[in-house]
Peer 1: 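Submitted below is the structure of interest, expressed as structure tokens.
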Amino acid sequence: MTATTDCPCQSNKPYSACCEPYITGKTAAPTAEALMRARYTSYATGKIDFIEKTHAPESRADFDRKASEKWAKDSAWKGLAVVATKDGGPEDQTGIVSFIAGFSQNGQDYEHHEIATFRKEGSNWLFVDGKSPKPETHVNTGPDVGRNDPCHCGSGKKFKKCHGK
């Protein structure tokens, strides 16, 4: 990774002007989103020390360094999409960042969806925890199929004798 290489967090900035100053400790991330982007970049570049260092004290016990190193090494990092942020600005003390991190392993593409909570201690943002988003509820807006209606598959049978089992 060079100073002019685009940052893996897909900010459209060079690495040297985006996540590198936070990862190297030259400066603190000014927002929760900036820290989250730097944490993604740390996985993408294998700099797991930064991941460990930016965990809040109460969540460090849950951090598995060996698993994180393996995930970072075994993955091809495809990109990051910030879905939403709530608070987490320079003047805030807490923030939430919802994101999707794309990666692949063994030729299979995956997406890691997370809603991450951050807290500011002094001038440093820390990762508190992350949760998977709740699945969206699907509401069927089509007509209900009755047990005695013809089956939707076109078999000619009643729904109850075909797919209604």
Peer 1: Let me confirm one number: the CG-CD distance from Leu126 to Glu121, rounded to the nearest 0.5 Å.
Peer 2: 5.0 Å
Peer 1: Might you point out which heavy atoms bring Cys9 and Arg37 nearest each other, and give the distance in Å?
Peer 2: O-NH1, 2.7 Å
Peer 1: Name the atoms and distances for all side-chain donor-acceptor pairs under 3.5 Å in residues 96-108, with sequence neighbours left out.
Peer 2:
from   : atom 1 : to    : atom 2 : distance (Å)
Gln105 : NE2    : Ser75 : OG     : 3.0

Peer 1: Nearest 0.5 Å, what's the CZ-NZ distance between Arg60 and Lys53?
Peer 2: 10.0 Å
Peer 1: Are Tyr110 and Tyr40 connected, step by step, through hydrophobic side chains (Ile, Leu, Val, Met, Phe, Trp, Tyr) whose heavy atoms are closer than 4.5 Å?
Peer 2: yes
Peer 1: Side chains of Arg39 and Thr54: any donor to acceptor distance under 3.5 Å?
Peer 2: yes
Peer 1: Near Asp109 CG, under 6.0 Å, is it more than 12 heavy atoms from other residues, nucleotides or ligands?
Peer 2: yes
Peer 1: Are the side chain of Ser59 and the backbone N or O of His55 linked by a donor-acceptor pair below 3.5 Å?
Peer 2: no
Peer 1: Go through Phe50 and Thr41 one step at a time and tell me if the side-chain contact (heavy atoms from CB on, under 4.5 Å) criterion holds.
Peer 2: CA-CA 10 Å; Phe50 182 76; Thr41 297; over 6 Å; no
Peer 1: Keeping to residues at least two apart or across chains, list the salt bridge (charged side-chain N to carboxylate O under 4.0 Å, His left out) pairs with something in residues 79-93.
Peer 2: none
Peer 1: If I take atom CD from residue Glu69 and atom CG from residue Asp74, how far apart are they, to the nearest 0.5 angstrom?
Peer 2: 11.0 Å
Peer 1: Once rounded to the nearest 0.5 Å, what's the spacing between atom OG1 of Thr5 and atom CD of Glu20?
Peer 2: 9.5 Å
Peer 1: If you measure from NE2 on His112 to CH2 on Trp71, what distance do you get to the nearest 0.5 Å?
Peer 2: 5.0 Å
Peer 1: Partners of Glu114 by salt bridge (charged side-chain N to carboxylate O under 4.0 Å, His left out), sequence neighbours excluded?
Peer 2: none
Peer 1: Are the side chain of Lys120 and the backbone of Pro90 linked by a donor-acceptor contact shorter than 3.5 Å?
Peer 2: yes
Peer 1: Return the minimal non-hydrogen interatomic distance between Gly95 and Ala32, and the atom names on each side.
Peer 2: CA-CB, 4.4 Å
Peer 1: Just jot down the side-chain contact (heavy atoms from CB on, under 4.5 Å) partners of Asp129, sequence neighbours excluded, or say none.
Peer 2: Thr117, Lys131
Peer 1: Which value, rounded to the nearest 0.5 Å, describes the distance between Ile23 atom CD1 and Ile51 atom CD1?
Peer 2: 8.0 Å
Peer 1: Run the side-chain contact (heavy atoms from CB on, under 4.5 Å) check on Met36 and Val82 step by step: do they pass?
Peer 2: CA-CA 9 Å; Met36 189 277 310; Val82 175; 3.7 Å; yes
Peer 1: Who are the ring pair (Phe, Tyr, Trp, His ring centres under 6.0 Å) partners of Tyr22, not counting sequence neighbours?
Peer 2: none
Peer 1: Mark yes or no for whether Gln10, through its side chain, and Leu80, through its backbone, hold a donor-acceptor pair below 3.5 Å.
Peer 2: yes
Peer 1: With sequence neighbours excluded, tell me which residues meet side-chain contact (heavy atoms from CB on, under 4.5 Å) with Pro133.
Peer 2: His113, Ile115
Peer 1: Check the hydrophobic clustering (I, L, V, M, F, W, Y; side-chain heavy atoms under 4.5 Å; chains of links allowed) and say if Trp125 and Phe63 are grouped together.
Peer 2: yes
